[in-house]
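Encoded as structure tokens, the structure appears first; notes follow it.
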Amino acid sequence: DGGITQSPKYLFRKEGQNVTLSCEQNLNHDAMYWYRQDPGQGLRLIYYSQIVNDFQKGDIAEGYSVSREKKESFPLTVTSAQKNPTAFYLCASSPGTGGTDTQYFGPGTRLTVL
Amino acid sequence: QKEVEQNSGPLSVPEGAIASLNCTYSDRVSQSFFWYRQYSGKSPELIMSIYSNGDKEDGRFTAQLNKASQYVSLLIRDSQPSDSATYLCAVTPNTGGFKTIFGAGTRLFVKA
């Protein structure tokens, strides 16, 4: 099956901890994204990557870090510098250059700070 | 600040009626427009994409785009209780663009 997977589905973080959210896609898409969704709000872009070994900050990158060492993988680390990390985190991908810009989403990870 | 505005709702319609969801955007150079459906606790799924002025139909769904008025809408005909969800409007400044802007969504409730 082609698609985007995210793990874990639920994640609990203690104060001062760094946690890493996984995102993998087998759609052969070039571009990948991380969004944060808070209740009653739209999706806010954290980071995006158009190609392997390259990524750009989105609108709310502070307290987050990413890597893109493989085309299929775009993990997000929520660092202790992120003061209010409790949210629903969504990973997405799109075909990228030469394709449509439609984004397809993974199932999401719900992060809660204890 | 580029914005996408939607009425948060809830919009309540009876089963079988037409649901009309509206969205306005501020960036005049926007070229790609999307409607996503999001069930509670789930991730968004694409319903429709539209790139040029006019109507685009897909089954019970019709997207309407008016670039002069910076307005995009989604009509759902013969609404079903399973259509009850939050509908997100999304706008990308240009084709092949990588920074899509999402509205906060309109909650739709279809009464059986």
- Query: After noting the C-alpha distance and the side-chain angles of A:Glu24 and A:Asn26, does the key distance pass the side chain to side chain donor-acceptor pair (under 3.5 Å) rule?
  - Reply: CA-CA 7 Å; A:Glu24 303 277 334; A:Asn26 61 4; over 6 Å; no
- Any luck finding a side-chain donor-acceptor pair between B:Thr24 and B:Gln70 under 3.5 Å? no
- Item | Distance-only donor-acceptor check, side chains A:Tyr48 and A:Gln103, under 3.5 Å | no
Side-chain donor-acceptor contacts of residues 83-90 of chain A below 3.5 Å, not counting sequence neighbours, with atom names and distances?
| unit_1 | atom_1 | unit_2 | atom_2 | d |
| --- | --- | --- | --- | --- |
| A:Thr86 | OG1 | A:Val113 | N | 3.0 |
| A:Tyr89 | OH | A:Tyr64 | OH | 2.8 |
| A:Tyr89 | OH | A:Pro85 | O | 2.7 |

- Query: Is it the backbone or the side chain of A:Gln56 that comes under 4.5 Å from a heavy atom of chain B, or both, or neither?
  - Reply: neither
- Message: Is A:Arg44 in contact with chain B via its backbone, its side chain, both, or neither, using a 4.5 Å heavy-atom distance?
- Response: neither
- With the 4.5 Å side-chain cut-off for hydrophobic clustering, are B:Leu75 and B:Val72 part of the same group? no
- Donor-acceptor contact below 3.5 Å, side chain B:Ser79 vs main chain B:Ala17: yes
- Message: Sub-4.5 Å heavy-atom contacts with chain A: which residues of residues 33-48 of chain B show up?
- Response: B:Phe34, B:Tyr36, B:Gln38, B:Gly41, B:Lys42, B:Ser43, B:Pro44, B:Leu46
- Task: Apply the test ring-ring contact (aromatic ring centres under 6.0 Å, His included) to residues B:Phe102 and A:Tyr35: give CA-CA distance (whole Å), side-chain angles for both, the deciding distance (0.1 Å), then the verdict.
- Result: CA-CA 10 Å; B:Phe102 287 81; A:Tyr35 293 92; 5.3 Å; yes
